[in-house]
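What follows is one structure encoded as structure tokens, with my remarks underneath.
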Amino acid sequence: MEGSPPIDFRGELNEEQLAAVTAPRGPALVLAGAGSGKTRTLTYRVAWLLGQGARPWDILLLTFTNKAAREMLERVEHLTGVPRGQFWGGTFHGIGLRILRRHAEAAGRRPDLTVLDAKEADQLMTEVIQRRDAAFIKDKTNPKAPVILDAVSHARNTLRPLAEVAEERLSWMRGGAEKVLGFAADYAEAKAERNVCDFDDLLELWLRILERDPAALEHYRRRFAHILVDEFQDTNRLQARILDLLASEHQIMAVGDDAQCIYTWRGADWENVVGFPDRHPGTAIHRIETNYRSTPQILAFANEILRHRPTRPGFERELRAVRPDGPAPTVWRVSDTGQQAKLVGRRIALLHQSGTPLRDIHVLYRAHFQSVELQMELNALGIPFVITSGHKFFDLAHVKDLLAHLRVVQNPADTVAWNRLLCLLPKVGPVSAAKILAAAQAAAAATGRHVARCLRDPAVAAKVGAAAKDDFTDLALTLEDVLEGTEAARGAPPQPAAPPSEGDLFQPRAGGGQRVARTPAESVRLAIEGWYGAHLRTLFPDWREREDDLQGLVGFASRFEDLGDMVAQVALLNGETSDKSPEPEEDTLRLTTIHQSKGLEFPVVMVIGVAEGLLPLQRAVDDGDIEEERRLFYVACTRAMDQLHLFCPRFSTMGEGYRPLGPSPFLEEMDPSVYEVADYSSRRL
């Protein structure tokens, strides 16, 4: 800090922050509440240590994203004048790679190792599976490499036995846990042979170095006289084990908020925070509870959420406000999710008309599918918006895949949709897809049948490679079912039946027997329950979340009586919106999931779907994750600076029929004095 002006720590920090920043060397846990200046505290802690004689390279500063690491080091450099390159600072994985290159031999690698990206790791695992059990790949009911790798990754990061995780997540696959163990062993061996690492190796091999190389462990214990960890509540067991080994003299300060631990599905462990004092005897706990973000009314609401969570002695929390009073949070009771969308749209329009920029308003929801009706309403009102947590609903890959089923049924000449659909099949690329489609179109022209009914003709099936035949047959059957129900709904006469392929066990059903007319919603559900639903589970680790999105598509389809009208409306919606991210100064509404909003703040926050089954999400409740859902609710509400609006529908129109929704237990248990109620449930909008 030589040459830099002296820092007035007492003048620039509040008492809570100052106590943490100037804490003596030793184990310290800083419980930093939402909006309390956590990053400021960490930055000034580095400056304080330098002022006390620490050298930049004595300090290890760990965080979770490259962006967070870069911003932290930039602030430190600006505050102290010490070039950021002199610090050991970065993400856990970045520091792990740095150490791994220096001690590669102890980890079973050479220093010239390379790191696989996710796609390359998938390719290597696929190669390993093919070599170990070619029949496994051919069985279309088995999971693909990304799903297996996800289970292996979870076991590694949580330090749980792989057999246990595999049984928990992949019990439905042929061979079960035993197969996964074999694939994982061969995968690890293949990486070692090729001198490569995947992302998880950067942590796992770092731990191996510390456990197997006493000299390396002693070197880094002495080297890092001060270890600072940001977002400690997001650490997994593997990361916590690394930290515990490095901080043998308990020279560690962990900064985080157990009330904002919302990534346990990714391996984050809430116990790392509450168990920190047990692992580091003599821990000093510092609470930073002065909140600079929100009004007293919003903080009273947030504190009421925390009051109902189970906690341990010493980990109680209460945020305190410094800002002036504002309006109380408003709970808007609405009849259903359709009325919710209309009311949210109306409130946004009124706020904007009264002078609130759209960019200052943020709509949060638990899962993507919950925003479908709102996106439609915003389009109808002409309110520009962007999804900051990913694509708009109808641009999600799995939604477009499902819609491709409906598009080819509606319009057999839609070659774009056909190509997308056929390229989903194993080892079918654009060239193969074009050959299959050309054969089906030729058969359709010759017989007068719909292209979908020609897929199983012998001449068409002959164009399908062996690896795709089973999937292709299932896809063809699904399309025939959807087509038959759509034609029956329109009163179209039965079409000629397709001739059976040689050895075909499935006799053509079109043209014979009683046909069942299907609504667009029923057609969507049929497509979900057909080939694509099984395909989804084998291909994506997060297949359950994607399935929820597809169920949201059922609700959208229920608005229509004709499939053609539905498909046309999707095209219009996509044409009216853009996926281009807005510039910071652009006046555009933001929509995002609660998970993606963490760490951010917005003047006006609207949380939709505050009802049982939506928040908390039913799937999470079934899995026993109710406390994580409570923490998500807390995170959502503490994003708000000036206004907080919560919308509570009594019924869902996001699926077939009218499904009742109970009140969110998180609201039911709260003291009603901390919010106001606006009941629109019996009004028409």
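Values below: all heavy atoms of this structure, side chains included; hydrogens, waters and symmetry mates excluded.
With salt bridges taken as basic N to acidic carboxylate O contacts below 4.0 Å, none links Glu547 and Arg537. Contact check on Arg546 versus Asp542 returns a salt bridge, with a Lys/Arg side-chain nitrogen under 4.0 Å from an Asp/Glu carboxylate oxygen. Ion pair Glu669/Arg630 flagged as a salt bridge, since at least one NZ, NE, NH1 or NH2 atom sits closer than 4.0 Å to an Asp/Glu carboxylate oxygen. One finds a salt bridge joining Arg366 and Glu629 here, because a Lys/Arg side-chain nitrogen approaches an Asp/Glu carboxylate oxygen to under 4.0 Å. Ionic pairing of Glu628 and Arg631 is present here: one or more N-O contacts between side-chain nitrogen and carboxylate oxygen are shorter than 4.0 angstrom.
Under the 3.5 Å distance criterion, the side-chain polar atoms of Asp549 are matched with a main-chain donor or acceptor of Phe369. Not a single donor-acceptor pair under 3.5 Å links the side chain of Ser171 to the backbone N or O of Glu168. Looking only at distances, no side-chain donor or acceptor of Asp623 sits under 3.5 Å from a matching main-chain atom of Asp625. The closest donor-acceptor contact from the side chain of Gln339 to the backbone of Tyr680 lies under 3.5 Å. A donor-acceptor pair under 3.5 Å is formed between the side chain of Gln340 and the backbone N or O of Gly609. A distance-only check finds no donor-acceptor pair linking the side chain of Arg317 to the backbone of Ala259 [under 3.5 Å]. Gln233 places a side-chain N or O within 3.5 Å of a backbone atom of Asp257 that can act as its donor or acceptor partner. Judged by distance alone, the side chain of Asp642 and the main-chain N or O of Thr295 form no donor-acceptor pair under 3.5 Å. With Ser371 contributing its side chain and Leu374 its backbone, the two residues share no donor-acceptor pair below 3.5 Å. Side-chain N or O atoms of Asn303 include one that pairs as donor or acceptor with a backbone N or O of Leu299 at under 3.5 Å.
The shortest distance between side-chain heavy atoms of Asn236 and Asp269 does not fall below 4.5 Å. Met670 is listed as a side-chain neighbour of Phe301, based on a closest heavy-atom distance under 4.5 Å. Residues Phe647 and Val610 are not in side-chain contact: their nearest non-hydrogen atoms beyond the backbone lie 4.5 Å or more apart. Contact annotation: the side chain of Met641 approaches that of Arg293 to within less than 4.5 Å [non-hydrogen atoms, C-beta and beyond]. The side-chain heavy atoms of Trp531 and Leu477, taken from C-beta on, include no pair separated by under 4.5 Å. Inter-residue side-chain proximity for Ile348 and Thr356 is flagged as unmet; no heavy-atom pair is nearer than 4.5 Å. In this structure, the side chains of Asp360 and Phe602 stay at 4.5 Å or more apart for every pair of heavy atoms. At a threshold of 4.5 Å between non-hydrogen side-chain atoms, the residues Val677 and Tyr675 count as touching.
The two residues Arg420 and Asp401 come nearest to each other via the heavy atoms NE-OD1, 2.7 Å. Closest of all the heavy-atom pairs between Val605 and Ala636 is CG1-O, 3.9 Å. Taking each heavy atom of Gly530 and Thr478 in turn, the nearest pair found is CA-OG1, 3.6 Å. Between Val386 and Thr588 the shortest heavy-atom distance is N-CG2, 3.8 Å. Scanning both residues, Ser597 and Leu364, for their nearest heavy atoms gives CB-CD2, 3.8 Å. Between Pro649 and Leu614, the shortest heavy-atom distance links the atoms CG-CD1, 4.3 Å.
A distance of 11.5 Å separates CD in Glu487 from CG in Leu563, rounded to the nearest 0.5 Å. Between the CG atom of Leu483 and the OG atom of Ser523 there is a distance of 9.5 Å, given to the nearest 0.5 Å. Here the CG atom belonging to Leu550 is positioned 12.0 Å from the CD atom belonging to Glu545, to the nearest 0.5 angstrom. Taking CZ from Arg346 and CG from Leu351, the interatomic distance works out to 13.0 Å, rounded to the nearest 0.5 Å. The distance from atom CD of Gln297 to atom OG1 of Thr330, rounded to the nearest 0.5 Å, is 11.0 Å. Going from atom CG of Leu617 over to atom CD of Glu612 covers 11.5 Å, rounded to the nearest 0.5 Å.
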Report task. Assess whether side chain to side chain contact (heavy atoms under 4.5 Å, CB included) is satisfied between Val147 and Trp543, documenting all intermediate values. Result -> CA-CA 9 Å; Val147 179; Trp543 65 271; 5.7 Å; no
Report task. Could you go through the side chain to side chain contact (heavy atoms under 4.5 Å, CB included) check for Asp234 and Lys598 one step at a time? Result -> CA-CA 12 Å; Asp234 293 338; Lys598 185 171 175 290; 3.6 Å; yes
Query raised in the report: Where do Arg347 and Leu343 land on the side chain to side chain contact (heavy atoms under 4.5 Å, CB included) test, with the steps shown first?
Result: CA-CA 6 Å; Arg347 297 304 306 170; Leu343 184 58; 4.2 Å; yes
Report task. Show your working on side chain to side chain contact (heavy atoms under 4.5 Å, CB included) between Val331 and Glu676 and close with a plain yes or no. Result -> CA-CA 6 Å; Val331 172; Glu676 295 179 347; over 6 Å; no
Report task. Apply side-chain hydrogen bond (donor to acceptor under 3.5 Å, both in side chains) to Arg590 and His362, showing your working. Result -> CA-CA 5 Å; Arg590 271 71 166 171; His362 222 98; 5.5 Å; no
Query raised in the report: Does the salt bridge (Lys or Arg N to Asp or Glu O under 4.0 Å) test come out yes or no for Glu231 and Lys38, once each step is laid out?
Result: CA-CA 9 Å; Glu231 301 289 3; Lys38 168 180 63 65; 3.4 Å; yes
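Using a 3.5 Å distance cut-off with no hydrogens or angles, the side chains of His535 and Asp471 do not pair a donor with an acceptor. Checked by atom type, the side-chain pair Gln596/Thr592 shows no donor-acceptor distance below 3.5 Å. Inspection of the Gln643 and His645 side chains reveals an N or O donor paired with an N or O acceptor under 3.5 Å. Looking only at atom types and distance, the side chain of Asn379 has no donor-acceptor partner in the side chain of Gln375 under 3.5 Å away. Thr337 and Glu373 share a donor-acceptor pair across their side chains, judged by distance under 3.5 Å alone.
A centroid separation of less than 6.0 Å is found between the aromatic rings of Phe560 and Phe556. Aromatic pair Tyr634/Phe666: centroids not less than 6.0 angstrom apart.
Within 6.0 Å of the CD atom in Glu561, the count of heavy atoms belonging to other residues, nucleotides or ligands does not exceed 12. Residue Arg169 qualifies as enclosed at atom CZ: its count of foreign heavy atoms under 6.0 Å is above 12. Summarising the local packing, CZ of Arg650 is surrounded by 12 or fewer heavy atoms from other residues, nucleotides or ligands at distances under 6.0 Å.
Ring orientation note: the planes of Tyr263 and His595 are tilted relative to one another, at an angle of 30° to 60°.
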